[in-house]
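A quick write-up on the structure given underneath.
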Amino acid sequence: MINMAKPVMGEEEKTAVIEVLESGILAQGPRVKVFEEGFAKMCTTKHAIATSNGTTALHIALLAHGIGAGDEVITPPFTFIASANSVLYAGGTPVFVDIDPRTFNMDVSKIEAAITPNTKAILPVHLYGMCCDMGAIMEIAKKHGLAVIEDACQAHGAEFQGKRAGSFGTGTFSLYPTKNITSAEGGMITTDDDIIAEKCQVIRNHGMRKRYYHDELGFNFRMTDVHAAIGNAQLAKLDDHNNKRRANAKFYDENLKGVVTPFVPEGYKHVYHQYTIRVPNGQRDALREYLKGKEIGTEVYYPVPIHQQSFYMERFGSSQTLPATEAAAKEVLSIPVHPQLSQTDLETVAGAINEFMAGK
Ligand SMILES: *Cc1c(COP(=O)(O)O)cnc(C)c1O
């Protein structure tokens with residue numbers, strides 16, 4: 001079976017975890033601090049704040065920016081549910097803007113029409129490992145006085161015009177096992193802003209500045225030193241992992257036929273959290289079945305856009321149509337691109353897809 005994801009766990013991770021267990025400091029401690037410093041350096045930001053997962057990173061970041069009841073946050077509907085749910089956790093309302101069908105990211109030309117007097121923030125998602133058009137997004141945010149919270153949960157090390165994902169606004173990352181690097185579960189917030197960084201640290205730890213004095217409602221969204229130990233070992237491997245993903249993607253770009261391969265505009269560095277093709281003529285599900293029969297794993301990210309999830313339709317109504325998103329949900333297929341694939345694996349995957357698309 002050629003799987004969609006296979007976390008790389010080496011001796012470094014194993015040794016690091018044993019060291020934590022023997023150290024006696026298990027919860028948030030010195031290894032979290034080292035991880036935060038290393039992550040900030042990778043992301044080229046002044047601060048990084050480690051959290052229990054990517055969803056709590058988003059939740060904290062929104063609270064730190066003061067998002068609450070009555071506030072609207074502009075975000076795409078073509079993403080993992082956590083991007084929009086985090087806005088609901090904070091008490092705000094997600095406002096969905098359609099995607100650019102070529103990049104699968106938020107269509108920046110549609111953002112301004114969605115701005116109302118209640119809009120407080122834009123929450124772009126760097127889907128599949130490629131940045132949104134952050135030049136346009138930062139300009140719109142500046143013009144309208146909006147905060148920018150980047151969902152960079154799939155984009156560790158990705159770049160827009162030489163600048164890293166998570167370093168434009170307040171960045172949020174996931175370290176779930178399928179992501180480009182992992183700490184088992186874990187998340188990270190990145191920022192250059194001293195005040196936002198301090199707020200995030202306080203919200204993460206029960207709203208506590210002075211021990212057992214609680215100025216505000218906070219949470220326990222901390223990372224443990226066990227997870228940070230794994231994260232530190234993984235961080236050292238990020239460039240290597242991303243280079244392998246990019247090389248795998250290049251092979252597919254050059255060899256796949258009959259499907260639409262990822263579009264990477266000039267000035268973007270894609271890190272291929274996913275390699276996602278579009279399968280034309282309603283053949284996506286049949287191709288998926290065909291590949292399954294050949295023991296090739298695939299996944300559809302995401303079959304149901306968030307504005308069409310039952311819970312969202314109950315809450316916000318079902319009248320909104322977002323054609324580019326809805327079309328993409330029917331056509332996208334992500335194929336294995338992780339760093340542990342062999343040349344034979346790549347040839348097997350490409351061969352099977354080409355065979356199917358050529359009519360077998
Ligand atoms: C993985 C992911 C998240 C959530 O991260 P968790 O660590 O699973 O909580 C949020 N947004 C996107 C786009 C993701 O891919």
Side-chain angles (χ1 to χ4, degrees), residues 4-5 7 32 35 39 48-63 73-90 94 96-97 99 103-106 121-132 134 137 148-158 165-166 168-190 200 204 219-224 226-228 230-231 234-235 242 245 270-276 299-307 309 312 325 328-329 332 334 337-338:
M4 279 298 286
V32 168
F35 191 27
F39 204 94
I49 301 95
T51 61
S52 48
N53 57 61
T55 307
T56 53
L58 279 159
H59 186 176
I60 294 172
L62 285 156
L63 292 175
V73 177
I74 294 174
T75 193
F78 195 54
T79 173
F80 183 54
I81 193 80
S83 310
N85 275 358
S86 62
V87 178
L88 297 181
Y89 302 152
F96 298 114
V97 162
I99 57 166
T103 62
F104 304 113
N105 280 330
M106 194 150 63
I122 307 175
L123 197 162
V125 181
H126 308 312
L127 201 71
Y128 304 146
M130 189 172 84
C131 284
C132 297
M134 290 313 293
I137 289 172
V148 175
I149 293 129
E150 301 173 63
D151 182 337
C153 287
Q154 304 188 354
H156 318 63
F168 294 89
T170 298
T172 58
F173 291 84
S174 167
L175 297 154
Y176 189 74
T178 55
K179 307 291 159 111
N180 289 30
I181 51 167
T182 183
S183 61
E185 290 272 9
M188 201 64 85
I189 305 164
T190 51
C200 290
R204 171 182 66 176
F219 301 85
N220 175 359
F221 286 162
R222 297 182 304 260
M223 179 183 279
T224 74
V226 180
H227 294 92
I230 302 171
Q234 289 270 303
L235 191 56
N242 282 350
R245 285 175 182 273
H270 199 318
V271 293
Y272 296 98
H273 169 61
Q274 298 299 342
Y275 188 94
T276 303
E299 193 53 80
V300 175
Y301 302 106
Y302 294 90
V304 184
I306 298 182
H307 68 289
Q309 295 284 353
Y312 276 80
T325 293
V332 291
S334 298
V337 73
H338 64 78

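Whatever order the structure lists ligands and atoms in, that order sets their numbers, starting from 1.
Under the 30°/60° scheme for interplanar angles, the aromatic rings of F39 and F173 are found to stand perpendicular. A perpendicular orientation is assigned to the rings of Y128 and F104, their planes being inclined by more than 60° (bins at 30° and 60°).
At the top of the distance list for atom 8 (O) of ligand 1, counting protein heavy atoms only, stands S174 OG, 4.0 Å. Nearest to atom 1 (C) of ligand 1 among the protein's heavy atoms is K179 NZ, 1.5 Å. Among all non-hydrogen protein atoms, the one lying nearest atom 4 (C) of ligand 1 is T55 OG1, 3.6 Å.
Looking only at distances, no side-chain donor or acceptor of N242 sits under 3.5 Å from a matching main-chain atom of G157. In terms of modelled atom types and a separation under 3.5 Å, the side chain of E150 and the main chain of P124 share no donor-acceptor contact. Panel note: side chain H126, backbone N105; no donor-acceptor pair is recorded below 3.5 Å.
Residue G187 places every heavy atom at 4.0 Å or more from ligand 1. Residue-ligand proximity: H126 is placed with every non-hydrogen atom at 4.0 Å or more from ligand 1.
Ligand 1 places these atoms under 4.0 Å from at least one heavy atom of T79: 13 (C).
The shortest N/O to N/O separation between D151 and ligand 1 falls below 3.5 Å. On a distance-only criterion, G54 and ligand 1 share at least one N/O pair closer than 3.5 Å.
Of the candidates S174, S86, S83, S83 is the only one forming a side chain to side chain donor-acceptor pair (under 3.5 Å) with D151.
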